[in-house]
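Worksheet: the structure to be examined is printed underneath.
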Amino acid sequence: MFILTAIFSDRSGFIQSRRFTQDDISTKWLEAFGEVVSVIAVLSDEWKAVQAWARLGQIMVPGADGEEGSMETVETIVLTVEAVNARGGRRVFTSEDYAEFSTPAKAAMEFFNHFTKNNNNHE
């Protein structure tokens with residue numbers, strides 16, 4: 001079973017987390033969920049993901065104005081993945097290990113926002 005945990009701040013600044021399995025995901029979000037899972041597929045055959053955490057972060061990208069050296073900040077989804085191997089080893093992989101674990105893809109953002117904003121009792 002795969003568990004996705006979304007961690008986010010509510011309007012009051014308190015950290016909230018919500019856990020979801022593939023059974024909690026409606027058919028509307030299966031494609032976006034598949035895109036998130038495909039990001040995790042970069043793990044080697046030795047490691048199998050058992051749990052993933054998604055959080056909202058920011059990354060610097062080249063500016064849209066095209067000026068050399070111009071940078072801007074964009075929101076991104078950052079994944080942290082707990083994985084196990086056949087020898088019983090357990091490890092946590094982050095975006096520092098795999099750049100793919102930080103993705104500003106529109107589908108990933110919509111997926112994250114659906115599960116955090118629609119499940120945030122404080123908003």
Side-chain angles (χ1 to χ4, degrees):
M1 179 179 294
F2 191 88
I3 298 171
L4 180 104
T5 303
I7 302 169
F8 55 96
S9 296
D10 64 18
R11 285 187 177 181
S12 301
F14 293 101
I15 300 299
Q16 301 290 320
S17 66
R18 300 287 186 264
R19 295 174 67 147
F20 304 93
T21 68
Q22 64 269 21
D23 296 336
D24 298 320
I25 299 174
S26 72
T27 54
K28 174 182 177 181
W29 293 105
L30 285 179
E31 184 177 338
F33 182 70
E35 288 183 29
V36 172
V37 171
S38 71
V39 169
I40 296 169
V42 301
L43 292 175
S44 69
D45 289 338
E46 180 181 358
W47 294 98
K48 301 295 179 199
V50 293
Q51 192 170 48
W53 295 267
R55 65 181 167 81
L56 190 60
Q58 295 185 345
I59 59 172
M60 298 296 290
V61 297
D65 59 14
E67 287 188 35
E68 187 174 334
S70 173
M71 300 294 284
E72 64 184 15
T73 303
V74 296
E75 287 188 322
T76 185
I77 301 302
V78 180
L79 300 177
T80 300
V81 178
E82 178 183 9
V84 295
N85 65 23
R87 296 182 305 279
R90 186 169 295 273
R91 180 174 173 195
V92 175
F93 293 90
T94 68
S95 58
E96 291 181 21
D97 301 305
Y98 293 102
E100 297 92 332
F101 284 9
S102 178
T103 177
K106 183 179 178 184
M109 294 296 295
E110 289 174 353
F111 181 75
F112 181 85
N113 287 332
H114 169 76
F115 286 97
T116 57
K117 293 185 182 196
N118 292 348
N119 288 287
N120 189 343
N121 296 327
H122 299 288
E123 293 195 351

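Every residue was checked against the side-chain hydrogen bond (donor to acceptor under 3.5 Å, both in side chains) condition with Gln58, not counting sequence neighbours, and none meets it. With sequence neighbours excluded, the residues forming a side-chain hydrogen bond (donor to acceptor under 3.5 Å, both in side chains) with Ser70 are Asp65, listed by chain and number.
Rounding to the nearest 0.5 Å places CD of Gln51 at 5.0 Å from CZ of Arg19.
None of Leu43, Val50, Val92 except one satisfies the side chain to side chain contact (heavy atoms under 4.5 Å, CB included) rule with Val81; the exception is Leu43.
For Phe93 against Ala83, the heavy-atom pair with the smallest separation is CE1-CB, 3.7 Å.
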Please list every donor-acceptor pair under 3.5 Å in which a side-chain atom of residues 97-104 meets a protein atom from a residue at least two apart or in another chain.
| residue | atom | partner | partner atom | Å |
| --- | --- | --- | --- | --- |
| Asp97 | OD1 | Arg91 | NH2 | 3.3 |
| Asp97 | OD2 | Thr94 | N | 2.9 |
| Ser102 | OG | Thr76 | OG1 | 3.3 |
| Thr103 | OG1 | Ala105 | N | 3.2 |

Given side-chain contact (heavy atoms from CB on, under 4.5 Å), test Ile77 with Met109 step by step and report yes or no.
CA-CA 6 Å; Ile77 301 302; Met109 294 296 295; 3.6 Å; yes

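Placement of Leu56 and Leu79 within a single hydrophobic cluster is found when ILVMFWY residues are connected by side-chain heavy-atom separations under 4.5 Å, directly or transitively.
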